[in-house]
Amino acid sequence: MKKSIFAVCDLEASYACNLMDYLNEKRTTPFEVQAFTNVESLQSFAKDNEIEILLISTRAMCNEIRDLPISRTIILSEGETLQDLEEYPFIYKYQSSDQILSEVMEYYAELNPRPYILGSVAHKTKLYGIYSPVGRSRRTSFALTLGEILAETKQVLYLNFEEFAGFEELFQTKCRADLSDLIYFSRQKENGFIFRLNSVIQTFHGLQYVPPAISPADIRDVSGSEWMEFLQDIMNYCDYDVIILDLSEQVDELFQILKSCDRIYMPVQEDMISQAKIAQYEKLIQMLDLQEVLDKTQKLRLPIQTMQKEGDMIQQLVWGEMGDYVRKLLWEEELI
C-alpha cells in the first residue's frame with residue numbers, strides 16, 4: 001500500500017532536502033516525504049498527487065498554495081509574527097528534525113486522521129528482552145549500548161520499563177509525552193495510534209526510544225496482555241528490525257513478555273546474594289513450566305566501566321569496555 005504524501009516546501013533547498021532525507025530514512029514514518037524548493041514545482045506535483053500534509057515555510061506560503069487541495073497545511077515559522085496565517089498551525093523551523101516530526105504528528109493525530117492502512121509486513125521484528133532479578137547489574141547500560149550498536153545498521157526501538165529511569169537528566173532533555181501516554185492511546189483503539197507513536201518517539205544518536213514513564217504508577221496497572229497488544233501495535237505499524245525491552249519487576253505478568261522475546265539477556269553478578277536471587281528466579285520459572293524462557297536466556301557477566309562526569313555518557317559506553325563487550329557478543333551470535 002502506497003504511503004500518503006507529506007510535502008515539505010522551503011525556498012532554502014538544503015533545509016527542505018535534508019529534512020526529507022532524514023524523515024524518509026526513518027522507516028517508522030507513516031508518510032512518503034517529498035521536498036519542494038519552489039511554489040511552481042509544488043503546484044505541478046499537486047495536480048496529479050494527493051498531498052495529505054504540507055509543511056511550508058512562511059516565505060513560500062502564498063495564495064496559490066491556499067487554493068491547492070491539501071488536507072492539512074502547517075507553517076514552518078522562523079519566529080516571526082504570522083498575522084495573515086493565523087488559521088494555520090505553525091512549527092518553529094530551527095529545531096531538531098525529531099521535534100519537528102513530533103509536533104507535526106501530534107497535530108495530525110488530533111484532527112481525526114484518515115485510517116492508516118497497513119502494507120505487507122516485509123519481515124518479523126525481533127524482541128530482545130533485557131532482565132535480571134539482580135539489582136545493580138548494569139542492565140540499562142548494557143541495553144543502551146546494545147541498542148546504539150545495533151542501530152548502526154538496523155532500525156531499533158528501545159523501551160525502558162523502570163520505575164525511575166532518569167532519562168531527562170541523563171540526556172538533558174524535556175519530553176512532551178512518554179510511555180504512559182502511548183499506553184493510553186493504545187488502549188483507545190483509535191486510528192491515530194501510529195501518528196501518536198511518531199509524535200512521542202525520540203532519537204539519541206541513531207537509537208530511537210520512547211521516553212520512559214515519569215510516574216511509576218502510570219504503567220503499574222498495565223496488564224501483560226495489554227503490554228503485548230501495545231508491542232504488537234508497534235510491530236504492525238512500524239518497520240523495526242529490533243525492539244529492545246529494558247524490563248523491571250514493575251511490569252505486570254513479566255514472564256508473559258519474556259516468553260514472547262526472541263532473545264533474553266540476563267546480566268548477573270558472582271556474589272552469594274546475587275546467585276541466590278538467580279536460583280530463586282529459575283526455580284519459579286520451572287514451577288511455572290516456562291522452561292522455554294530459561295532456554296532463551298543468556299547470562300552475561302558485564303565489564304565494569306569507569307565513567308567520566310563530563311562528556312556523552314552513551315558514547316563513553318559505546319566506545320569503552322561495554323561497547324567492546326557488546327560488539328564481541330553480537331559478532332559471536334552473528335547479529336552484526
Side-chain angles (χ1 to χ4, degrees), residues 18-19 21-29 94-102 126 128-132 135-162 164-179 198 200-214 238 240-248 263 265-269 298 300-336:
N18 288 338
L19 181 59
D21 290 343
Y22 179 80
L23 297 179
N24 279 331
E25 284 175 3
K26 296 182 69 171
R27 299 204 304 259
T28 59
T29 307
Y94 299 112
Q95 57 182 329
S96 70
S97 299
D98 273 338
Q99 190 60 33
I100 289 174
L101 177 62
S102 175
K126 300 293 186 181
Y128 291 178
I130 320 295
Y131 174 74
S132 177
R136 306 290 295 177
S137 62
R138 300 184 291 283
R139 184 193 71 233
T140 294
S141 294
F142 169 79
L144 287 170
T145 307
L146 176 68
E148 286 282 356
I149 292 175
L150 285 174
E152 293 172 0
T153 56
K154 302 176 185 295
Q155 290 284 326
V156 183
L157 179 67
Y158 169 86
L159 299 175
N160 183 292
F161 298 82
E162 290 182 289
F164 300 102
F167 272 31
E168 289 192 350
E169 287 70 25
L170 282 175
F171 298 157
Q172 292 298 297
T173 186
K174 184 70 176 176
C175 301
R176 295 154 58 92
D178 59 33
L179 182 61
N198 274 270
V200 174
I201 289 175
Q202 301 291 311
T203 302
F204 197 80
H205 302 303
L207 177 63
Q208 297 178 51
Y209 71 96
V210 172
I214 293 296
C238 299
Y240 283 113
D241 298 305
V242 177
I243 298 177
I244 293 176
L245 309 178
D246 190 349
L247 297 162
S248 72
R263 294 175 181 271
Y265 294 111
M266 179 189 290
V268 299
Q269 301 280 13
Q298 183 173 355
L300 306 176
R301 290 169 176 81
L302 301 176
I304 298 175
Q305 179 169 329
T306 302
M307 302 295 292
Q308 303 296 322
K309 292 183 179 179
E310 301 297 328
D312 188 323
M313 182 201 75
I314 302 300
Q315 288 298 289
Q316 290 184 55
L317 289 170
V318 170
W319 298 109
E321 292 90 339
M322 186 68 77
D324 292 341
Y325 178 91
V326 170
R327 285 188 180 86
K328 184 175 184 292
L329 174 69
L330 293 175
W331 182 80
E332 290 175 347
E333 297 184 354
E334 299 182 347
L335 296 176
I336 57 172

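Only heavy atoms go into these numbers, but all of them, side chains included; no hydrogens, no water, no symmetry mates. It should be emphasised that the depicted structure is a prediction, and the values quoted were computed from it without experimental measurement.
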Glu25 vs Gln155, side chain to side chain contact (heavy atoms under 4.5 Å, CB included): CA-CA, chis, key distance, verdict: CA-CA 9 Å; Glu25 284 175 3; Gln155 290 284 326; 5.6 Å; no
Before giving the answer on side chain to side chain contact (heavy atoms under 4.5 Å, CB included), spell out for Val210 and Leu157 the whole-Å C-alpha distance, their side-chain angles and the decisive distance to 0.1 Å. CA-CA 8 Å; Val210 172; Leu157 179 67; 4.2 Å; yes
Take Phe161 and Leu245, measure what side chain to side chain contact (heavy atoms under 4.5 Å, CB included) needs, and give me the verdict at the end. CA-CA 8 Å; Phe161 298 82; Leu245 309 178; 4.0 Å; yes
Would you sort out whether Tyr240 and Gln208 count as a side chain to side chain donor-acceptor pair (under 3.5 Å), showing the intermediate values? CA-CA 10 Å; Tyr240 283 113; Gln208 297 178 51; 2.9 Å; yes
Go through the steps for Ile243 and Leu159 under the test side chain to side chain contact (heavy atoms under 4.5 Å, CB included), then give the verdict. CA-CA 7 Å; Ile243 298 177; Leu159 299 175; 4.0 Å; yes
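In plain terms, the two heavy atoms of Asn198 and Leu101 that are nearest each other are OD1-CD2, 4.1 Å. A pairwise comparison of heavy atoms in Leu19 and Ser97 identifies CD1-OG, 3.7 Å as the closest pair. Shown here for Ala177 and Val200, the closest heavy-atom pair between the two residues is CB-CG2, 3.7 Å. Nearest approach of Glu148 to Phe204, heavy atoms of both residues: OE2-O, 2.8 Å. Scanning all heavy atoms of the two residues, the minimum distance from Ser132 to Pro267 falls at OG-O, 2.6 Å.
At a threshold of 4.5 Å between non-hydrogen side-chain atoms, the residues Thr203 and Tyr209 do not count as touching. In this structure the side chain of Ile314 reaches within 4.5 angstrom of the side chain of Leu144, judged on heavy atoms.
The distance from atom CG of Leu146 to atom CE of Met322, rounded to the nearest 0.5 Å, is 10.5 Å. The CG atom of Leu317 sits 12.0 Å away from atom CZ of Phe142, with the distance rounded to the nearest 0.5 Å. For the atom pair NZ (Lys126) and CG (Asp241), the distance works out to 10.5 Å, reported to the nearest 0.5 Å. Note: Ile130 CD1 to Arg138 CZ = 14.5 Å, rounded to the nearest 0.5 Å. The distance from atom CD of Glu321 to atom CG of Leu302, rounded to the nearest 0.5 Å, is 12.0 Å. With rounding to the nearest 0.5 Å, the separation of OH in Tyr265 from CG in Leu300 is 7.5 Å.
Residues Asn160 and Tyr158 bring a donor and an acceptor atom of their side chains to less than 3.5 Å of each other. With hydrogens and angles left out, the side-chain atoms of Thr140 and Glu162 include a donor and acceptor closer than 3.5 Å.
Put simply, the side chain of Ser102 never gets that close to the backbone of Asp98: no donor and acceptor are under 3.5 Å apart. The closest donor-acceptor contact from the side chain of Ser96 to the backbone of Gln99 lies under 3.5 Å.
When each of Val318, Leu329, Leu335 is paired with Ile149, the side-chain contact (heavy atoms from CB on, under 4.5 Å) condition holds for Val318 and for no other.
We find that Glu333 and Lys328 are not joined by a salt bridge, their nearest charged nitrogen and carboxylate oxygen being 4.0 Å or further apart. A salt bridge links Arg139 with Asp246; the closest basic N to acidic carboxylate O contact falls under 4.0 Å.
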